[in-house]
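To find a chain, count down the sequence lines: A is the first, B the second, and so on, and within it residues start at 1.
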2 protein chains.
Amino acid sequence: MPTRDIPAVVVSRLPLYLRALCYAQQEGLTTISSQELGRRLGITAAQIRKDLSLFGEFGKQGTGYPVAALIRQLRRILHVDHVWDMALVGVGALGRALLHYQGFARRGFRIALAFDMDPTKIGRRVGAFVVQDVARLEAALRSADIRLGMIATPASAAQEIAERMVQAGVRGILSYAPIHLQLPPDIQVEYIDPVIHLQRMTFYLGAQGRPASADELPGAQPCGHHDEG
Amino acid sequence: MPTRDIPAVVVSRLPLYLRALCYAQQEGLTTISSQELGRRLGITAAQIRKDLSLFGEFGKQGTGYPVAALIRQLRRILHVDHVWDMALVGVGALGRALLHYQGFARRGFRIALAFDMDPTKIGRRVGAFVVQDVARLEAALRSADIRLGMIATPASAAQEIAERMVQAGVRGILSYAPIHLQLPPDIQVEYIDPVIHLQRMTFYLGAQGRPASADELPGAQPCGHHDEG
DNA sequence: TAGATTGTTAATCGATTAACAATC
DNA sequence: TAGATTGTTAATCGATTAACAATC
């Protein structure tokens, strides 16, 4: 498996292929062409064929790709043919939503542990989880052998939590805190910040927002601290 | 303003610059070099200078960029010098988290309306919002002149909701539903699906997940329907 | 002045697309 | 067979980087 020297932009598309293939399978398709897959994703057929060809020859001329087999291949390539246990730090409104989210399990992930620093939250149940004291983060992560972490804390806490996760053996972090984390280059980091996405859209939408009132966009502090995401 | 023919990849970085500049301002910096900004974002200094030069000459040799002025410029370029009203559809766990999120307002956004189809939710208060019947979506969006929508419904409902939003005048959609939306090319669409990010990381992490038990990754339905995100 | 840093150019690097022989 | 579609090549296209004159 030439898992090295695969362009990052190709890797970033593979999960989209997998997701679309799963929907196709649920619809009853047993084979799918690069053209049809591309249509469903807004990606050109040539792009998809080129990407997949980096990992092997999965298709058949004249008929396309066998859906089930390609799903298996992509799950193997992405290492989601096994389930990854994750740790969540930050059980605010967002953390609670993540704890209740049913979409992780069947796509290869499971939240195993949830932490917060708030004494009023520690020990309480949220869904199937008991919120643990973040003071015990390192010990708990090590004993559960956790490799993936999710951060849903205020931005002000995210860097420290990330460092402690890495100390405890975490190799990949998905952060909802709106701040860039400074971490060793061998640690995988991904970010989710809805405002970033919104601002990418408003660039193209023109000046149609509403006039800002004084306390919404104060000049002295035009961006705010973005806690509790 | 040459707001056209700006590469999309440049546009996608501008919100990151703005966010980092705001933190710098909160730390008391009045000027910042492209090198320092790049260090904080994991982006090369040349990249930042090149990107910004597409919009004007904002810096000064020897000293760098004036933080406050560059923030103003980026907010103008991204059209977040005004506040954008948004509509949210889907008041499940994720929708509630979005309704409680304090990070929108000071970065240029405000949820104005929230909708759901569940009769037990309609009319109930969530934070400062009263959940409205999604049957009234078009009428309410038009009368409030909403241009931005957020979708936090099950994947199975997302396409229909998106089409109805567009019908009602929405020009940009941020979707948390794990499905690609088929919409007119002039509609801006951005997606947030945490599993996509997680799978991008596990590609690099090697085969360290836990063996899947039968009911976690069933062969017959290896991906599941991903509702309620 | 000396040191630092921008804006811009040219070179390098990488990704996407078009086209088509192979073949199912 | 005829039609369809892959895998791959070569060409095009676009983005990043390095370097440096200009200048604060």
S.K.: Look at the side-chain N and O atoms of A/T63 and state whether any lies under 4.0 Å from the OP1 or OP2 oxygen of D/dT5.
M.R.: no
S.K.: How do B/G64 and A/D51 order along DNA chain C: which one's closest nucleotide is nearer the 5' end?
M.R.: B/G64
S.K.: What nucleotide, of C/dT17, D/dT17, D/dG7, holds the atom closest to the side chain of A/S53?
M.R.: D/dG7
S.K.: Mind checking whether B/H197 and A/Y191 have ring centres under 6.0 Å apart?
M.R.: no
S.K.: Does A/A8 or A/G62 map to a spot on DNA chain C nearer the 5' end, using the closest nucleotide for each?
M.R.: A/A8
S.K.: Within a 6.0 Å radius of atom CD on B/Q35, are there more than 12 heavy atoms belonging to other residues, nucleotides or ligands?
M.R.: no
S.K.: Using atom CG of B/L70 as one end and atom P of C/dT5 as the other, report the distance to the nearest whole Å.
M.R.: 16 Å
S.K.: Rounded to the nearest Å, what distance is computed from the CZ atom of residue B/F58 to the P atom of nucleotide C/dT6?
M.R.: 14 Å
S.K.: For B/D5 and D/dC13, what is the distance between atoms CG and C1' respectively, to the nearest whole Å?
M.R.: 15 Å
S.K.: For the residue pair A/Q167 and A/E163, confirm or rule out a side-chain donor-acceptor distance under 3.5 Å.
M.R.: no
S.K.: Just need the stems in DNA chain C: three or more back-to-back Watson-Crick or G-U pairs, each with both distances under 3.5 angstrom, sorted by first number.
M.R.: C:3-24 with D:3-24
S.K.: Between A/Q182 and B/L41, is there a donor-acceptor pair closer than 3.5 Å when you use the side chain of the first and the backbone of the second?
M.R.: no
S.K.: Atom CD1 of A/I32 to atom C1' of D/dT5: distance rounded to whole Å?
M.R.: 13 Å
S.K.: Nearest whole Å is fine: how far is D/dT6 C1' from A/L37 CG?
M.R.: 14 Å
S.K.: Considering only D/dT8, C/dT16, D/dT5, which nucleotide approaches the side chain of A/E57 most closely?
M.R.: D/dT8
S.K.: Measure the distance from CD on B/E36 to P on C/dT5 and round it to the nearest whole Å.
M.R.: 10 Å
S.K.: Could you check whether B/H79 and A/Y204 have their ring centres less than 6.0 Å apart?
M.R.: no
S.K.: So which protein N/O to nucleotides 19-22 of chain C N/O distances come out below 3.5 Å?
M.R.:
residue: C/dA19; atom: N6; partner: A/R49; partner atom: NH2; Å: 3.3

S.K.: Figure out the CD1/C1' separation between A/I43 and C/dA15, and round it to whole Å.
M.R.: 13 Å
S.K.: So does A/R171 pair up with A/D186, basic N to acidic O under 4.0 Å?
M.R.: yes
S.K.: Can you list every salt bridge (Lys or Arg N to Asp or Glu O under 4.0 Å) pair that touches residues 43-60 of chain A, not counting sequence neighbours?
M.R.: A/R13-A/D51
S.K.: Output yes when a side-chain donor or acceptor of B/Q199 lies under 3.5 Å from a complementary backbone atom of A/R107, and no otherwise.
M.R.: yes
S.K.: Considering just the side-chain nitrogens and oxygens of A/Y65, establish if one lies under 4.0 Å of OP1 or OP2 belonging to D/dG7.
M.R.: yes
S.K.: Name the residue from A/I48, A/I43, A/L16 that meets the side chain to side chain contact (heavy atoms under 4.5 Å, CB included) definition with A/L37.
M.R.: A/I48
S.K.: Using atom CG of A/L14 as one end and atom P of C/dA15 as the other, report the distance to the nearest whole Å.
M.R.: 13 Å
S.K.: Could you tell me if the side chain of B/P194 sits less than 4.5 Å from the side chain of B/Y176, heavy atoms only?
M.R.: no
S.K.: Within less than 4.0 Å of OP1 or OP2 of C/dT6, is there a side-chain N or O belonging to B/S34?
M.R.: yes
